[in-house]
There are 2 protein chains.
Amino acid sequence: MLFSPVVEHLLESLRVLPGVGPKSAQRMALHLLERDRAGGERLVQALHEALERVGYCQRCRNLTEHEVCSLCEDARRESTSLCVVESPADLMAIEEAGGYRGRYFVLHGHLSPLDGIGPDALGLDLLEQEVRTHRYQEIVLATNPTVEGEATAHYIAEQLRPLGVTFSRLAYGVPLGGELEYVDGGTLSRAFSGRQPFQS
Amino acid sequence: MLFSPVVEHLLESLRVLPGVGPKSAQRMALHLLERDRAGGERLVQALHEALERVGYCQRCRNLTEHEVCSLCEDARRESTSLCVVESPADLMAIEEAGGYRGRYFVLHGHLSPLDGIGPDALGLDLLEQEVRTHRYQEIVLATNPTVEGEATAHYIAEQLRPLGVTFSRLAYGVPLGGELEYVDGGTLSRAFSGRQPFQS
Ligand SMILES: [Zn+2]
Ligand SMILES: [Zn+2]
């Protein structure tokens with residue numbers, strides 16, 4: 001142990017942050033202790049408050065410190081379509097991309113029986129209740145394009161099919177601005193088989 | 001504002017950490033809120049405790065939560081030599097490199113009149129008192145090999161010269177394992193003029 005026990009404990013605790021190894025933990029700790037104690041205090045307060053107060057929206061499970069999140073409260077959002085995502089980060093990515101004006105539902109994960117993550121953990125009862133109550137025309141199943149994301153989308157579609165709603169899934173294809181030679185084979189073959197008429 | 005106010009405030013506060021931009025702040029906040037709230041609580045506690053308790057050693061100004069740090073308390077350290085460094089990170093780098101078994105003094109910066117950093121801010125009175133009291137044979141002026149570090153080393157040597165102590169400075173030269181063509185010109189010319197007899 002090179003630093004004092006209290007500093008060592010801080011170094012160790014900083015490593016709960018994703019992407020932070022021993023060297024960056026040391027740089028962060030010394031920066032806060034040597035140059036920005038006021039910033040450190042603000043971080044303590046902000047993190048404490050977020051952990052205490054931020055939970056799931058009672059309607060869509062988005063992160064919020066209120067009972068219902070600002071997206072659910074926003075009467076200008078179109079209530080004809082509901083977009084189901086795995087994480088708040090996915091919701092933010094879709095919002096930042098722009099274009100979608102409907103509502104969301106956040107699963108906070110995907111089905112993973114081996115890890116004990118079943119329909120309960122993903123709030124699928126709440127999702128069914130939301131779809132029953134609000135009579136969406138379309139459910140966009142925007143889970144990740146992975147084996148688990150696909151399986152979760154299929155499970156949800158099966159569960160909600162009796163409600164007579166239409167499902168969609170994000171298009172697979174080559175990313176905009178990417179170069180074909182660097183696109184992986186699976187993506188390329190999906191993009192090929194899903195090719196569209198060309199409007200010239 | 002995409003996230004709720006409490007989450008946005010957390011994102012902003014995480015950016016006091018060096019090297020953390022908007023994207024990593026988002027990844028960190030969502031990781032703590034979604035997957036590791038217990039780790040987040042530990043970080044709150046550890047950072048709060050460190051900011052409350054960690055200050056400067058009354059003898060060497062190393063970071064410690066005690067009055068005197070463990071290096072100063074360690075009777076096995078050689079008390080013939082004192083190594084003066086700009087920061088606790090420099091002290092740690094020298095300790096990790098191994099070889100030096102003497103004592104330290106931490107300036108927490110270098111002289112910088114334009115930023116109002118003078119002898120008081122660097123604890124030079126305390127340094128003089130330490131040298132007077134403990135009769136070191138050698139003071140290693142291990143401030144950074146920069147203009148400011150050099151100036152600080154010269155200032156300290158002038159101040160302590162009446163005490164009849166010997167000063168040394170880390171050797172300049174090419175870094176071990178480096179390739180000459182990638183070494184900057186200033187370093188190379190210092191290494192050249194400081195060339196040593198070769199023992200073959
Ligand atoms: Zn909501
Ligand atoms: Zn000390």
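Below, chain A is the first sequence line, B the second, and so on; all start at residue 1. The analysis underlying the following values was restricted to heavy atoms, covering all of them including side chains, and did not include hydrogens, waters or symmetry mates. As the structure is a prediction and not an experimental result, all values here were calculated from the model.
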Tell me, out of [options], who's got the most heavy-atom pairs with chain A below 4.5 Å.
options	value
B:R15, B:H48, B:E12, B:R35	B:H48
B:G19, B:S87, B:G40, B:C69	B:G40
B:G39, B:S24, B:G55	B:G39

- prompt: If you measure from CG on B:N62 to OG on A:S4, what distance do you get to the nearest 0.5 Å?
  reply: 8.0 Å
- request: Give, for atom OG of A:S70 and atom CZ of B:F3, the distance between the pair rounded to the nearest 0.5 Å.
  value: 11.0 Å
Non-hydrogen atoms of [X] and [Y] that approach each other most closely:
X	Y	value
B:L32	A:L47	CD1-CD1, 3.7 Å
A:L33	B:A50	CD2-O, 3.8 Å
B:A46	A:L10	CB-CA, 4.0 Å

message: Is it the case that atom NE2 in B:H9 sees more than 12 heavy atoms from other parts of the structure closer than 6.0 Å?
response: yes
- prompt: In this structure, are over 12 heavy atoms from other groups packed under 6.0 Å from A:E67 atom CD?
  reply: no
Side chain from CB out, backbone as N, CA, C, O: work out which of these in [X] comes under 4.5 Å of a heavy atom of chain A, or both, or neither.
X	value
B:Q45	neither
B:L51	both
B:R37	both
B:E49	both

Counting heavy-atom pairs under 4.5 Å with chain B, which one of [options] comes out on top?
options	answer
A:L63, A:L11, A:D36	A:L63
A:E65, A:H66, A:H31	A:E65
A:E41, A:E52, A:Q26	A:E41

query: Which is it for B:T64 and A:V7 under the side-chain contact (heavy atoms from CB on, under 4.5 Å) test, yes or no, and what are the steps along the way?
result: CA-CA 8 Å; B:T64 180; A:V7 177; over 6 Å; no
Side-chain heavy atoms under 4.5 angstrom apart, residues restricted to Ile, Leu, Val, Met, Phe, Trp, Tyr: same cluster for [X] and [Y]?
X	Y	answer
B:V140	B:Y104	no
A:V165	A:Y100	no
B:L163	B:Y155	yes
A:L122	A:V106	no
B:I94	B:I156	no

query: Does the side-chain contact (heavy atoms from CB on, under 4.5 Å) test come out yes or no for B:M28 and A:V20, once each step is laid out?
result: CA-CA 10 Å; B:M28 287 171 172; A:V20 175; 3.8 Å; yes
Contacting moiety of A:R53, where chain B heavy atoms sit under 4.5 Å: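 When you check distances to chain B, only side chain atoms of A:R53 fall under 4.5 Å.
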